[in-house]
Each structure stands twice: as structure tokens, then as C-alpha cells.
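I have placed the structure first, in the form of C-alpha cells, so that the comments after it can refer back to it.
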Amino acid sequence: MKNYVKKLETILLLSFVVFLVNAQDEQHAKPFFENGEAQIVKAFEDPAYWIREDLWVETEFDSDGDGRLDRMHVDVTRPRETETEGLKLPVIYNSSPYFAGTAGNDPAYFHDVKHELGEPGKPITHPTEIQRRGKRPIISTGHVNTWVPRGYIVVHSSSPGTGLSDGVPTVGGDNESLAPKAVIDWLCGRAKGYTTRTGNEEVKAYWSTGKVGMTGTSYNGTLPLAAATTGVEGLEAIIPIAPNTAYYNYYRSNGLVRSPGGYLGEDVDVLFDFIHSGDESKRAYAREKIRDGEMKEGMDRITGDYNDFWAGRDYLNKMDKMKAALFMSHGFNDWNVMPEHSYRIYEAAKEKGIPAMIYYHQMGHGGPPPLSMMNRWFTRYLFGVENGVEDEPRAWIVREDDDPGSPTSYKDYPNPDASMVELHLKAGAPAKGELAIQQPSKQGKETLVDNYSFSAEALAKADITEHRLIYVSPVLKEDVHISGKPVITISAASSKPAVNLSVYLVSLPWNEGRRIKITDNIITRGWADLQNYKSLRESEPLKPGKFYEMTFEFQPDDQVIKAGQQIGLMIFSSDSEFTLLPKPGTELTVDLDKTTIKIPVVGGSEAFLNAIQN
């Protein structure tokens with residue numbers, strides 16, 4: 001009898017424990033927050049209990065010319081409680097042209113860059129058609145493990161002309177903004193979704209609160225901005241990571257035809273081929289209309305001038321309707337999608353009064369902010385939790401020796417305590433000249449001879465060479481903190497009607513070895529075409545021997561140059577990693593007395609003088 005009672009007590013105790021566990025699960029089967037962040041909900045953790053489905057959302061456009069409104073392929077991953085308990089949750093949305101596969105990065109399909117400036121290169125070779133990949137209903141698994149357990153629904157869509165989405169890829173055209181807008185409209189109950197690509201059975205987003213956030217990296221970071229510029233209701237917050245915010249800035253620089261780092265010879269038509277994974281029966285139409293029509297007519301690899309084609313692919317020109325809270329992320333040493341892309345949009349957002357924050361790290365392409373920061377941003381604007389994120393410092397910079405998860409906060413970027421220090425050039429070619437804070441007496445002119453066979457690194461390291469001009473500061477006795485965009489005003493003449501112009505700000509002596517950091521040598525870079533000295537839209541051939549004055553900016557940076565180093569301005573012509581590569585021999589002559597560089601230094605001239613004089 002005693003054993004029976006003990007067993008009964010044990011059973012009752014276990015039943016009570018199970019009841020408590022279940023009650024706790026029920027209690028937490030909804031989002032909860034600590035320290036202003038959405039926390040992992042136990043009931044949402046197990047992927048086996050997630051609901052996965054796909055559908056097609058109808059847009060407002062017909063870009064593939066078949067007489068029907070294009071539909072975008074969309075997938076949804078959500079906790080089962082959105083079905084069993086009627087729970088409504090906000091959405092993290094990620095759109096991409098990459099989900100169904102790409103054509104690869106074989107340089108054989110890039111533009112020929114070894115030709116004279118102002119002349120066409122060899123005809124481009126196009127890759128074989130992409131074999132579409134993927135298995136329904138999952139378009140992508142990205143972001144689901146991070147955000148679904150924290151009480152969000154995750155949605156993906158393939159952008160127009162890719163995967164199972166209708167339409168054509170336009171690489172920055174209007175349909176790439178309107179496609180994610182349509183998906184957001186569907187999530188908010190304003191657009192129609194269907195179970196099939198051509199059918200009429202509707203699907204409704206009854207589980208959505210109508211609050212949407214977008215994020216993604218590179219092209220996937222561009223599309224959140226594209227959607228935000230439509231002003232679509234319900235898109236509350238975006239976190240673009242290394243976004244391309246203007247295709248001109250990606251493929252051109254101050255009038256110069258310039259490739260993104262690592263992809264010498266890429267251009268907008270190459271990117272079209274790279275992503276064109278859509279309906280095989282529509283591909284010929286897309287190639288004829290977009291790649292061989294609109295792009296061929298507008299991209300202009302001959303002059304590199306800015307025009308209406310590029311203006312239509314510049315999101316800075318489309319920000320009048322934007323209102324989504326903006327949290328930008330970028331690397332200062334991203335030489336693919338360069339750091340100006342985030343900076344220019346961040347500045348414009350601030351001017352419009354949009355909540356804006358920026359995170360910069362010291363590495364290359366990609367790199368999201370710390371998860372905690374992203375969580376706080378989405379928690380504030382999608383769940384409406386008053387966590388004070390809008391009152392925090394605007395700028396977060398990862399210092400050179402710090403972990404990306406431990407950025408330093410600043411009031412803003414550029415650092416408000418930075419001001420321009422103007423430096424002048426003292427002759428020294430073919431060895432090193434000097435950077436002087438005082439205007440020196442007449443220095444005259446110095447000449448370099450273009451030769452792309454020498455890399456920028458080789459030129460910076462050389463003690464003597466006729467292929468570059470370099471001017472260095474005194475050895476720094478104290479650290480110098482640069483924050484912002486250096487600006488060069490250069491007076492130069494070419495021996496030919498066109499010449500590449502490349503300028504680097506470097507830290508010398510050049511550090512080598514296995515343990516060098518990405519910040520050790522290159523501070524920042526800039527490129528320009530002297531033919532555009534008057535206007536980005538109208539270039540004019542140079543008169544050989546005539547001097548032209550042009551002012552342009554380097555890429556933005558925030559870097560501490562250590563004591564013991566020298567800051568060097570290197571001027572050269574063709575850049576073997578970025579520009580067209582004409583035959584060597586063009587002479588570029590610089591008038592030192594009319595050429596200056598302004599460097600944004602925290603503490604201004606006083607700090608710089610202390611660093612070189614102490």
C-alpha cells in the first residue's frame with residue numbers, strides 16, 4: 001500500500017511539473033523583451049514546428065511584356081502559433097536576385113579593360129544561361145534561425161526576372177523598387193497573393209501585424225533601400241549592409257570608367273547576365289529589351305559620363321518619399337561596394353529628419369552590425385518597444401584593433417570634432433616629395449609616366465620611380481585621427497586627350513608580413529577623369545599639355561594613423577586593380593603650386609601640428 005501511495009505521489013508530482021512546463025510554454029508563446037531586445041521564445045525555437053509556405057504576389061507592373069502583371073515568388077517562415085493561436089507578428093523581409101543561382105564570376109565574361117581611353121574594348125562574351133536552382137517552398141533559409149525564435153516572421157522573395165519571379169532584371173530599374181513594395185503591400189493587406197504563378201486562388205497574410213523591416217547584404221542590402229524610396233506604408237525600418245546605392249558610383253568614379261574591386265571589367269550588363277535566372281521562355285525578351293537595349297544605350301563605357309540612365313539608378317535621387325528608420329552598415333575597406341554608398345544615403349536621411357544610425361567597421365565587403373544593435377533597431381520600430389535607440393549616438397565605429405562586436409560610439413559621422421587640414425606639395429620626384437601645412441615657395445611641376453604594369457602597392461613601396469608622384473608628411477610623433485572624406489584639388493596636364501587619374505592616401509612605411517592588418521597601408525582612395533573637370537555629365541577631350549583644375553573627394557574613412565608613420569599622397573594614372581588599362585607611356589604632369597589636399601583631422605590643424613612637431 002505504501003509503495004502504491006508513493007507511486008501515486010510521483011505520478012501526481014510529474015503531472016504537476018508537466019502542467020507547469022506547459023503553462024510556462026503557453027505564457028511565453030508570444031514575444032517578450034529584455035533590455036530593449038526581443039528575446040528567444042522557447043515555443044518558437046524548434047524548426048520542426050515552423051510553418052513554411054510559398055506564394056506569388058502580384059505587382060503593379062508588367063516588365064516582361066507578356067500582357068500580365070508580374071508576380072513575385074515569395075516564401076514565408078513563421079511560428080506555428082500564428083496558425084494555432086491566431087498570433088500576429090511583425091516581419092523581417094529579405095529580397096534578392098541571387099537565391100536561384102548565378103552565372104559565376106568568370107573574367108572571360110567581363111569587359112576587356114586593356115584598350116585606349118575613349119575607344120571601345122573588344123565585344124563582350126556572354127555566359128551560358130543560368131540553370132535555376134532551389135526547391136519549393138523554401139527560397140532561402142537566411143535570417144530564419146536568428147529572427148523566428150525571437151518572435152518575427154521571416155519572408156524572402158526573388159527579385160524580378162530571377163528564380164520563379166516574373167519580370168526582367170533591370171539592375172536598379174524601377175521594377176526592382178516596386179517588386180518589394182508589392183510584397184510589403186501584401187503583408188499589409190493591400191495587394192493580392194496567390195498560391196500559384198498564374199492561378200486565382202488567393203493567399204492572405206492574416207498573421208502579419210503590418211509592421212515590416214528589411215535587411216540584407218550587398219545587392220540584398222540595396223533592395224531594402226529601393227523599397228524604402230517608394231514610401232510604402234508598413235516598411236518601418238531597414239538595415240542595409242554594404243548596399244549599392246548608385247550604380248554609377250559602383251561602375252564609375254568622377255567621370256572615370258572604374259571597376260568594383262576584385263571584378264576588373266565588370267559593368268551593369270555583366271551583372272545582368274550574372275543574375276538572370278528567371279523564366280527561360282522570357283529570357284530572350286529580357287536580353288533584347290534590357291541588356292542589349294536600355295543598358296547598351298545608357299551605360300556609356302566610352303566617356304564614363306553621368307547621364308539619365310545612371311540617374312535613374314541612383315537612390316539618392318528618389319528619397320523624397322522615404323520614411324523608414326535607417327540603420328546603415330559598411331566597411332571602410334570595402335573596395336567592392338565602396339563606403340561612400342552608405343554615407344551619402346545616411347547624410348540625406350538625416351537631412352530629411354528620418355531616424356538614422358550608421359555602423360562602420362574596418363574590414364572589407366559585408367559585415368552586419370552586432371546582432372544586439374540590429375535587435376534593438378527592429379524591436380523599437382517593429383514591436384514599438386520604447387528602448388531609446390533613437391536617442392543613442394548616431395555613429396558606431398569599430399576601431400582598428402577592436403572586435404567588430406565592440407564598436408566605439410560617436411556623436412555622428414564624420415566625427416563632429418574633425419575639421420579640414422589643408423596640405424601643400426613640395427617637389428621630390430622621382431623620389432618622395434613632402435606634404436607641408438604651410439604654402440611653400442614656388443615648386444613648379446612634376447611628371448609621371450603611366451604604366452599599369454606596376455601595381456599601386458609597388459608604386460607606394462618604391463623609393464624611386466617615374467610612374468608615380470608621392471608626397472609625405474613628417475613622421476608622426478602622435479596618433480592622427482582622420483574622420484570623413486579627404487578632398488583633392490589638382491591641376492594637371494596630359495600628353496594625350498584622355499588620361500586615368502588615381503589618387504591614394506597611404507600610411508608609410510609600407511607594412512608587410514603575415515600579421516599586417518587591412519588598415520596598415522591604404523588609408524583611402526579616389527579616382528577621376530580630368531575630362532570631367534567642369535561637369536560629370538559633359539566631358540571634353542583634353543588638349544595635350546594644357547593644365548586643368550579638378551576638385552573631387554576620396555572615399556570616406558575613419559582611421560587612426562599611428563605615431564611613427566607618415567601620411568602620404570600618391571598620384572598616379574592607371575590603377576591595375578580598378579581602371580581601364582591603356583598602353584603605357586601617357587605623361588601626366590602636376591602643377592604642385594596649384595594642387596592641395598584637405599584631410600579631415602579630429603582636432604583640426606592644432607592636432608595635426610602637434611603630431612608633426614612634438
Side-chain angles (χ1 to χ4, degrees), residues 13-55 74-96 99 134-157 183 187 203 205-217 220 224 236-239 241 327 329 367-387 389 404-405:
L13 180 60
L14 289 173
S15 298
F16 182 65
V17 169
V18 169
F19 170 78
L20 288 177
V21 170
N22 287 335
Q24 189 176 31
D25 283 348
E26 289 296 319
Q27 181 182 353
H28 289 92
K30 61 182 180 180
F32 71 102
F33 310 93
E34 292 178 3
N35 301 317
E37 298 179 35
Q39 301 298 303
I40 292 176
V41 179
K42 188 176 186 305
F44 301 162
E45 271 192 295
D46 190 348
Y49 294 101
W50 294 346
I51 296 171
R52 294 180 172 93
E53 56 197 331
D54 68 340
L55 64 139
V74 176
D75 80 6
V76 177
T77 304
R78 54 191 174 97
R80 63 177 174 176
E81 286 78 7
T82 58
E83 197 70 33
T84 60
E85 300 175 20
L87 183 64
K88 294 190 175 193
L89 297 172
V91 173
I92 303 294
Y93 172 31
N94 177 225
S95 186
S96 175
F99 291 145
K135 187 176 181 180
R136 296 179 55 201
I138 298 172
I139 295 176
S140 172
T141 58
H143 304 283
V144 294
N145 291 328
T146 299
W147 298 112
V148 174
R150 289 176 169 82
Y152 292 90
I153 294 162
V154 172
V155 169
H156 302 96
S157 72
V183 175
L187 290 167
V203 182
Y206 51 85
W207 29 258
S208 168
T209 62
K211 301 289 186 181
V212 182
M214 291 186 72
T215 188
T217 299
N220 302 3
E236 305 294 333
I238 60 174
I239 307 179
I241 301 163
F327 183 12
S329 177
L371 177 58
S372 176
M373 297 182 75
M374 296 180 70
N375 193 335
R376 287 175 60 78
W377 197 256
F378 283 144
T379 295
R380 172 67 183 87
Y381 294 106
L382 302 189
F383 278 112
V385 174
E386 299 283 348
N387 58 15
V389 70

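Everything numeric here is computed off the predicted structure, so don't read it as measured data. Heads up: numbering here begins at 1 and tracks the sequence.
Looking at Thr217 and Ser329, their side chains never come closer than 4.5 Å, going by heavy atoms from C-beta outward. For the pair Val76/Trp207, a side-chain contact is recorded, criterion being any heavy-atom separation below 4.5 Å from C-beta on. Using a 4.5 Å heavy-atom threshold, the side chains of Val144 and His156 count as touching. Counting only heavy atoms from C-beta outward, the side chains of Arg150 and Leu371 approach each other to under 4.5 Å. Contact of the Pro369 side chain with the Ile239 side chain is registered, since non-hydrogen atoms from C-beta on lie closer than 4.5 Å. Put simply, the side chain of Val183 does not reach to within 4.5 Å of the side chain of Ser95, judged on heavy atoms.
Closest approach of Ile139 to Ser157, counting heavy atoms only: CD1-CA, 4.3 Å. Closest non-hydrogen pair, Pro90 versus Gly151, comes out as CD-O, 4.0 Å. Closest approach of Ile241 to Pro368, counting heavy atoms only: CD1-CB, 3.5 Å. The shortest non-hydrogen separation linking Thr77 to Val148 is O-CG2, 3.9 Å. Of all heavy-atom pairs spanning Glu83 and Tyr206, the tightest one is OE1-OH, 2.5 Å. What you find for Ser208 and Lys88 is that their closest heavy atoms are O-CD, 4.0 Å.
Residues forming a side-chain hydrogen bond (donor to acceptor under 3.5 Å, both in side chains) with Thr82 (at least two apart in sequence, or on another chain): Arg78. The side chain to side chain contact (heavy atoms under 4.5 Å, CB included) check on Pro47 picks up Trp50, Arg52, with sequence neighbours excluded. Under the rule for a side-chain hydrogen bond (donor to acceptor under 3.5 Å, both in side chains), Thr215 has no partner lying at least two apart in sequence or in another chain. Shown here are the side chain to side chain contact (heavy atoms under 4.5 Å, CB included) partners of Pro224, two or more places apart in sequence or in another chain: Met214, Ile238. Taking the side chain to side chain contact (heavy atoms under 4.5 Å, CB included) definition, one finds that Tyr49 meets it with Asp46, Arg80, sequence neighbours left out. Every residue two or more places apart in sequence or in another chain was checked for a side-chain hydrogen bond (donor to acceptor under 3.5 Å, both in side chains) with Tyr381, and none qualifies. Looking at residues two or more places apart in sequence or on another chain, you find a side-chain hydrogen bond (donor to acceptor under 3.5 Å, both in side chains) between Ser372 and Glu37. Shown here are the salt bridge (Lys or Arg N to Asp or Glu O under 4.0 Å) partners of Asp75, two or more places apart in sequence or in another chain: there are none. The salt bridge (Lys or Arg N to Asp or Glu O under 4.0 Å) search around Glu45 returns none, not counting sequence neighbours. Among residues two or more places apart in sequence or in another chain, the salt bridge (Lys or Arg N to Asp or Glu O under 4.0 Å) test is passed with Arg136 by Asp54. Annotation: side chain to side chain contact (heavy atoms under 4.5 Å, CB included) contacts of Ser96 (sequence neighbours excluded): Tyr98, Phe99, Asn220.
In this structure, the ring of Phe383 has its center less than 6.0 angstrom from the ring center of Tyr152.
A distance of 7.5 Å separates OG1 in Thr209 from CD1 in Ile153, rounded to the nearest 0.5 Å. Atom CD of Glu236 and atom CZ of Phe378 lie 11.5 Å apart (nearest 0.5 Å). To the nearest 0.5 Å, the span separating CD1 on Ile92 from NE2 on His143 amounts to 9.0 Å. Here CD1 of Ile51 is found 7.0 Å from OG1 of Thr84. Values are rounded to the nearest 0.5 Å.
Sorted by first and then second residue, the pairs that involve residues 375-385 and meet salt bridge (charged side-chain N to carboxylate O under 4.0 Å, His left out), not counting sequence neighbours, are Arg376-Glu392, Arg380-Glu386, Arg380-Glu390.
By the 30° and 60° cut-offs, the orientation of the rings of Trp377 relative to Phe327 is tilted.
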